[in-house]
Amino acid sequence: MLVIAMQLSLETAKIALFQVTPIALKAHLTELLMLAAKAVAPDQADLSLLLERPKSAEHGDFATNLAMTLARTLKQNPRVIAENLIRALPTSPYVAKTEIAGAGFINFYLSPAAKHAVIERILAQGAAWGHCNDGQGRRVQVEFVSANPTGPLHVGHGRGAAVGDCLARLLGATGWNVTREFYYNDAGAQIDNLTLSVQCRCKGLTPEDPTWPENGYRGDYITDVARSYMAQEAVAADDRQVRGAGDPEDMAAIRAFAVAYLRREQDLDLRAFDVHFDIYSLESALYSEGKVEQTVHDLVSSGHTYEQDDALWLRTTEFGDDKDRVMKKRDGGYTYFVPDVAYHVDKWQRGFERVINEQGADHHSTITRVRAGLQALDIGIPQGWPDYVLHQMVTVMRGGEEVKISKRAGSYVTLRDLIDEVGLDATRYFLAARRADSQLIFDIDLARAHTNDNPVYYIQYAHARICSVLAEWGGDTTTLATADLSPLQLPHELNLLQRLSEFPETVQNAARELSPHLIAYYLKDLAGDLHSYYNAEKFLVDDETVKLARLALVTAARHALYNGLQLLGVSAPQKM
RNA sequence: GCCCCCGUAGCUCAGUGGAUAGAGCAUCCCCCUCCUAAGGGGAGGGUCACACGUUCGAUUCGUGUCGGGGGCACCA
């Protein structure tokens with residue numbers, strides 16, 4: 001809802017043609033409407049004015065419900081108010097027609113010149129088309145994947161990687177200064193378990209052995225770790241390097257090696273997925289650098305803790321939790337949310353006024369506790385900081401049946417399995433193209449199908465088709481920026497222009513809503529418009545003016561397809 | 001039992017206070033003398049889980065019920 005004070009003059013409503021952008025156009029129409037509203041309802045101090053893009057082209061290019069919202073105070077029929085508004089509306093070179101429809105909607109039809117302007121805009125901006133400066137260079141951290149080094153990444157991590165990485169790309173495209181961070185625990189009980197499992201394999205034990213640890217890791221990859229350790233191989237992960245000691249009794253050496261080995265495996269998978277991190281943070285460092293102790297100390301000082309039953313409690317109920325939580329256990333150890341709070345204090349102190357944690361939905365219970373701990377510290381952290389994006393479970397299907405087992409990992413499907421089987425582009429697309437908060441069924445058969453069933457190829461093909469036409473033409477696309485666009489009048493052309501003009505707001509919206517899937521849907525629609533157009537009309541026609549206008553249009557579409565695919569981390573091939 | 005997410009066409013999913021609820025797949029029909037048919041055009045298919053409420057108007061907001069999933073430890 002846009003609330004605008006009614007102090008506008010006709011002068012400010014004038015916009016030079018070369019400046020017309022979808023957003024400026026919207027502002028232009030808003031100003032025209034405000035002027036009309038002032039004439040029709042002079043007593044109205046301020047107005048909430050909604051100008052939207054109708055879903056159907058039959059309802060014009062823009063529509064407003066202004067007459068309906070005025071109906072109550074003016075005590076008049078909305079349609080009558082709408083008539084008066086239209087009569088009072090200043091004329092504009094960008095508005096071809098207005099009409100009243102439905103219960104009192106006013107529909108605006110733009111002039112062709114207003115619609116054509118988007119092409120010049122796109123051709124001028126190129127790779128920057130669709131980007132904006134909402135973030136104004138402010139720093140944001142996106143923490144995602146954050147898998148512990150106890151095994152290969154599974155599909156769930158893949159979804160986190162795809163969604164988190166797309167979020168980072170979206171935020172970058174909308175003017176934020178993005179840091180990608182990966183957090184993991186290299187010292188907890190699960191790592192002890194890992195160490196023990198590797199040691200058993202070093203000694204030649206198998207999970208079938210009666211002495212195999214009850215909760216030991218059973219996957220084949222443990223054998224690989226053990227073999228490599230015994231062979232004294234060197235492994236280098238993105239954030240650490242270790243050589244295997246070859247001594248099956250040296251638990252510390254096994255632990256360090258296993259962690260490095262599995263981190264390297266994860267790094268390889270992530271690299272194959274085209275996902276990269278700026279920083280790796282260790283839970284163990286929070287302890288060794290005294291940050292956990294400091295946080296506990298600060299929480300005690302803040303007065304929100306108490307002792308009971310030989311344990312130290314945090315009064316999280318003061319901050320919206322349904323019961324208080326133990327911080328320090330009877331045995332002296334801390335519960336898991338304490339380092340989590342310490343970690344987020346650290347993020348805050350590093351200057352991230354905005355932090356987005358992309359996690360699996362199974363971690364949702366930590367949100368309240370972490371935020372409560374941060375509020376209890378009373379160090380100026382806003383309520384509701386940090387943001388969370390939680391993704392739901394992924395089910396993998398093949399041949400109509402659920403796939404559960406990976407030979408390598410044992411009990412789950414790995415990200416690597418998917419990349420190997422269906423390819424990088426399709427895997428990324430399928431994992432990012434759904435709303436994070438709905439459960440996802442990953443259909444391997446569909447994802448690997450090189451047919452029109454597969455939305456990835458459908459979109460990429462639209463891009464490749466344009467490239468192919470441009471190659472056939474053989475001209476210099478930079479000359480298209482000055483093409484005469486007036487021949488573009490066909491419904492297919494106007495549809496495509498309309499779709500193109502929606503790209504910037506789609507990007508903006510996707511970033512604001514933290515919803516990368518909106519980009520995927522936009523691209524599918526855009527590709528559909530392009531394919532329809534392609535099928536209906538030939539671009540390389542004899543009429544030079546028509547040809548250049550069409551080439552300018554599809555070149556603009558190519559930029560939008562390319563930039564959109566970039567945001568998803570999916571390639572835009574020139575040939576298929 | 002409590003908390004979170006979801007419930008939209010046969011299937012997979014968009015939409016989310018407004019005008020006849022959309023797409024892809026599947027089903028049926030049609031289109032390559034033409035820049036890649038990895039394409040296009042058309043048909044059928046829906047009480048937007050259900051009930052009540054707020055509103056001029058609810059698939060969208062609120063409450064409740066039912067279904068699916070996940071979380072509910074002095075585990076991480």
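To find a chain, count down the sequence lines: A is the first, B the second, and so on, and within it residues start at 1. The figures here come from the full heavy-atom set of this structure, side chains too, leaving out hydrogens, waters and symmetry mates.
The phosphate of C35(B) (OP1 or OP2) has no side-chain N or O of Tyr461(A) nearer than 4.0 angstrom. Checking the phosphate oxygens (OP1, OP2) of C35(B), no side-chain nitrogen or oxygen of Ser468(A) falls inside 4.0 Å. Applying the 4.0 Å criterion to OP1 and OP2 of C4(B), one finds that Thr368(A) has every side-chain N and O outside that range. Dashed line: the shortest gap from a side-chain N or O of Arg435(A) to OP1 or OP2 of C6(B) is under 4.0 Å. Residue His517(A) places at least one side-chain N or O under 4.0 Å from the OP1 or OP2 atom of G15(B).
Annotation: of the two residues near RNA chain B, His531(A) and Ile441(A), the 5′-most nearest-nucleotide partner is Ile441(A). For the pair Asn509(A) and Tyr534(A), nearest-nucleotide mapping onto RNA chain B gives the more 5' position to Asn509(A).
Computed from coordinates, the Trp473(A) CH2 to C34(B) P distance equals 23 Å when rounded to whole Å. The CG atom of Asp61(A) sits 16 Å away from the C1' atom of A19(B) (whole-angstrom rounding). As a whole-Å value, the separation of Tyr388(A) OH from C5(B) C1' is 17 Å. In this entry the distance linking CG of Asp437(A) with P of U60(B) reads 17 Å, nearest Å. Rounded to an integer number of Å, the gap from His391(A) NE2 to C5(B) P is 16 Å. Between the C1' atom of G24(B) and the CG atom of Leu523(A) lies a distance of 15 Å, rounded to the nearest Å. Atom CG in Asn535(A) sits about 11 Å away from atom P in A38(B), given to the nearest Å.
Both the sub-6.0 Å distance and the 45° axial angle are not jointly satisfied by Arg325(A) relative to the ring of Phe337(A).
With its ring centre under 5.5 Å from that of the base six-membered ring and a plane angle below 30°, Phe105(A) counts as stacked on A19(B).
For Asp443(A), the salt bridge (charged side-chain N to carboxylate O under 4.0 Å, His left out) criterion is met by no residue, not counting sequence neighbours.
The base-pairing partner of U59(B), taking Watson-Crick or G-U wobble contacts with both distances under 3.5 Å, does not exist among the strands shown. Base pairing of G1(B) is made with C72(B), judged by Watson-Crick or G-U wobble geometry with both donor-acceptor distances under 3.5 Å. Nucleotide C50(B): paired with G64(B) (Watson-Crick or G-U wobble, both distances less than 3.5 Å). Nucleotide A38(B) forms no Watson-Crick or G-U wobble pair with any nucleotide shown, as no partner meets the under 3.5 Å limit on both distances. Across all strands shown, G10(B) pairs with C25(B); the Watson-Crick or G-U wobble distances both stay below 3.5 Å.
Across all strands shown, Glu537(A) has heavy atoms under 4.0 Å from base atoms, whether or not it also approaches the sugar-phosphate. Leu440(A) comes within contact range of the sugar-phosphate backbone alone, with a heavy-atom separation under 4.0 Å but no base atom that close. Leu518(A) comes within 4.0 angstrom of the backbone, heavy atoms only, and of no base. Within 4.0 Å (heavy atoms only), Ala464(A) reaches at least one base atom of the nucleic acid. Residue-level contact check: Leu540(A) touches the bases, meaning some heavy atom is under 4.0 Å from a base atom. The residue Asp445(A) sits apart from the nucleic acid: no heavy atom pair falls under 4.0 Å.
C32(B) takes the syn form, because its glycosidic angle lies no more than 90° either side of 0.
Using a 4.0 Å cut-off between charged nitrogen and carboxylate oxygen, Asp321(A) and Arg315(A) do not count as a salt-bridge pair.
In this structure, Tyr184(A) and Tyr280(A) have perpendicular ring planes: the angle between them is above 60°, well past the 30° mark.
One N or O on the side chain of Asp61(A) and one on the backbone of Leu110(A) form a donor-acceptor pair closer than 3.5 Å. Under a 3.5 Å cut-off, the side chain of Asn454(A) and the backbone N or O of Ala449(A) do form a donor-acceptor pair. With hydrogens and angles ignored, the 3.5 Å screen pairs no side-chain donor or acceptor of Arg434(A) with any backbone N or O of Gln439(A).
With distances taken from any side-chain atom of Arg465(A) to the nucleotides A37(B), G68(B), U36(B), the minimum falls on A37(B).
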Q.
Please encode protein proximity along nucleotides 70-76 of chain B as a string of B, S and -, counting only heavy-atom distances under 4.0 Å.
A. BS--BSB

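Ring-centre distance between His363(A) and Tyr388(A): not below the 6.0 Å cut-off.
Under the 3.5 Å distance criterion, with hydrogens and angles disregarded, a donor-acceptor pair is assigned to the side chains of Glu181(A) and Ser281(A).
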